[in-house]
Amino acid sequence: MRIIKNIILISLLFAIILVSLFFGEKWVRTNVKNQAIVYNSQLNPTVMIPGSSANNHRFDNLVAILNRQSTTHSLLRVQVNEDNSISYSGRIRPNDSQPYIVIGFQNNSDGYANIKRQAKWLEIAMKFLQKRYHFNHFNAFGHSNGGLDWTIYLEKYFNQKSSTIGTLMTVGSPFNFSEKSESNRTQMLTDLIKNRSKLPRDMTVYSIAGTETYNDDGIVPIESVLLGKYVFQKNVHSYTQITVSGNDSEHSDLPTNPQIVQLIQRDILDGRGQKQSSNPVFNNR
């Protein structure tokens, strides 16, 4: 009787092992296949976010200028709606490894509360895009509040285990809103500084300020832009502050400012800015 029980027990254990091996092998094959799709992807898009009151056509002129000056890349426009649904236009051409993706929000109002909502919508958009186009590396560009959306997203939602970001370029982004005094820190700046340790440490950051006058770009005080140093410096691979002035340095003109177009070409599309720069660099290696 005991021998029969032992045989039954051994048979049961053997059956469990076989089932476990079957499903384990199936899981491994599926997981390896999914990882291969992502990590073998050559797609390295530049993902752009406009500022308040702007939609996903905001950078049409910028993309047209970049395409005239160098290799032509495709443009995909994405909109995240308030109900978390996504609509899009344009397309990514086959074999285009550096397309432009512009993400806009149906609710593009100003204010810290809404910027935090936009960061969450950005997470929804990025998950959608990465699932659809199978990329795990990208560069980011944000004008005005778009740079704030990126910063909150990278601190709160970005998954560093499955994705990498090369360069983040913020243009005219008011890290302290309209405050000019460093001692008057807004709640947003306080929160960004508090969560800065969660930023991707291998990321290269360029923070660009415009000066239509000596003090601001017509909307954003230069002091507010420069306070981004307390968020990024010593928390990312390198952090560079750049100021542009002269023609096309007004806030709304900054994305197509010739100097900024050149910086995008050099430091994002060509990738040379991560290795060399004529501008002051706060390097944290």
Side-chain angles (χ1 to χ4, degrees), residues 37-38 41-110 114-154 157-159 162-163 165-173 251-257 260-261 264-265 268-269:
I37 290 174
V38 175
S41 172
Q42 298 300 311
L43 198 66
N44 182 24
T46 298
V47 187
M48 302 177 167
I49 301 179
S52 297
S53 302
N55 60 27
N56 57 14
H57 285 270
R58 176 67 174 89
F59 300 123
D60 285 2
N61 288 338
L62 170 60
V63 171
I65 293 171
L66 288 166
N67 281 340
R68 285 198 300 268
Q69 293 185 357
S70 60
T71 303
T72 299
H73 295 292
S74 48
L75 171 61
L76 178 69
R77 303 181 193 88
V78 177
Q79 175 173 292
V80 187
N81 302 308
E82 288 197 81
D83 63 359
N84 297 336
S85 64
I86 290 177
S87 55
Y88 57 93
S89 62
R91 72 186 187 97
I92 295 177
R93 295 192 313 272
N95 301 319
D96 183 2
S97 62
Q98 288 185 298
Y100 302 106
I101 302 175
V102 179
I103 300 176
F105 308 104
Q106 183 182 34
N107 183 344
N108 54 17
S109 300
D110 197 4
N114 204 56
I115 289 171
K116 288 190 286 187
R117 284 193 287 268
Q118 290 171 355
K120 177 60 180 177
W121 287 325
L122 174 56
E123 180 199 26
I124 293 172
M126 290 298 290
K127 284 184 175 180
F128 166 80
L129 291 166
Q130 290 179 309
K131 182 178 180 180
R132 182 178 179 86
Y133 296 103
H134 307 298
F135 65 88
N136 70 319
H137 183 80
F138 64 95
N139 295 301
F141 178 90
H143 175 234
S144 194
N145 284 356
L148 306 178
D149 294 335
W150 273 122
T151 306
I152 296 174
Y153 164 79
L154 291 168
Y157 301 111
F158 182 61
N159 188 344
S162 61
S163 299
I165 175 172
T167 298
L168 167 65
M169 183 175 290
T170 65
V171 177
S173 295
H251 187 74
S252 62
D253 294 333
L254 286 173
T256 53
N257 178 288
I260 293 177
V261 171
I264 295 171
Q265 180 65 56
I268 292 182
L269 300 179

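Since the structure is predicted, the reported quantities are computational estimates derived from the model, not experimental observations. Scope of the values below: all heavy atoms of this structure, side chains included, with no hydrogens, waters or symmetry mates.
Checked options Y133, Y100, W150; the residue passing with F138 is W150 (criterion: ring pair (Phe, Tyr, Trp, His ring centres under 6.0 Å)).
For the pair M126 and F158, the minimum side-chain heavy-atom distance is 4.5 Å or more. Residues P99 and L43 form a side-chain contact, since some pair of their non-hydrogen atoms from C-beta on lies under 4.5 Å apart. Taking 4.5 Å as the limit, some side-chain heavy atom of V261 sits within range of a side-chain heavy atom of Q69.
Remark: T170 OG1 to D149 CG distance equals 12.0 Å, nearest 0.5 Å. The CG atom of N84 sits 10.5 Å away from the CD atom of Q106 when rounded to the nearest 0.5 Å. The distance from atom CG of N257 to atom CG of L62, rounded to the nearest 0.5 Å, is 10.5 Å.
Defined by atom type and a distance below 3.5 Å, a donor-acceptor pair is present between the side-chain atoms of N114 and N107. Of the N and O atoms on the side chains of N81 and S85, at least one donor lies less than 3.5 Å from an acceptor on the other residue. Between H137 and S163, the side chains place no donor N or O within less than 3.5 Å of an acceptor N or O (distance only, hydrogens not considered).
When all heavy atoms of E123 and Y153 are compared, the closest pair comes out as CA-CE1, 3.7 Å. Of all heavy-atom pairs between R58 and A54, the closest is CD-CB, 3.7 Å. In terms of heavy atoms, A140 sits closest to I268 at O-CD1, 4.2 Å. Of all the heavy atoms in S109 and Q118, the pair that sits closest is O-NE2, 3.5 Å. The two residues L76 and S89 make their nearest non-hydrogen contact at CD1-O, 3.4 Å. Nearest heavy-atom pair across F105 and L122 is CE2-N, 3.8 Å.
Within 6.0 Å of atom CG in D60, more than 12 heavy atoms from other residues, nucleotides or ligands are found, so the atom counts as buried in its surroundings.
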Just do the side-chain contact (heavy atoms from CB on, under 4.5 Å) check on I103 and L129 with the steps written out, would you?
CA-CA 10 Å; I103 300 176; L129 291 166; 3.9 Å; yes
K127/Y157 under side-chain contact (heavy atoms from CB on, under 4.5 Å): CA gap, chis, key distance, verdict:
CA-CA 10 Å; K127 284 184 175 180; Y157 301 111; over 6 Å; no
May I have the step-by-step check of side-chain contact (heavy atoms from CB on, under 4.5 Å) for F141 and I264, ending in yes or no?
CA-CA 9 Å; F141 178 90; I264 295 171; 3.5 Å; yes
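In this structure, the side chain of H143 does not engage the main chain of M48 through any donor-acceptor pair within 3.5 Å. Although no hydrogens or angles enter the test, the distance criterion places no donor-acceptor pair under 3.5 Å between the side chain of N139 and the main chain of T46. Between the N56 side chain and the V78 main chain, a donor and an acceptor come within less than 3.5 Å of each other. Counting only distance, with no hydrogens or angles, the side chain of T256 and the backbone of D253 share a donor-acceptor pair below 3.5 Å.
Judged as a side chain to side chain contact (heavy atoms under 4.5 Å, CB included), and not counting sequence neighbours, the contacts of S52 are D110, N145.
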Let me have the donor-acceptor pairs involving side chains of residues 90-97, under 3.5 Å, with sequence neighbours excluded, atom names and distances please.
from : atom 1 : to  : atom 2 : distance (Å)
R93  : NH2    : T72 : O      : 3.0
D96  : OD1    : H73 : ND1    : 2.8
D96  : OD1    : Q98 : N      : 3.2
D96  : OD2    : S74 : N      : 2.7
D96  : OD2    : S74 : OG     : 2.6

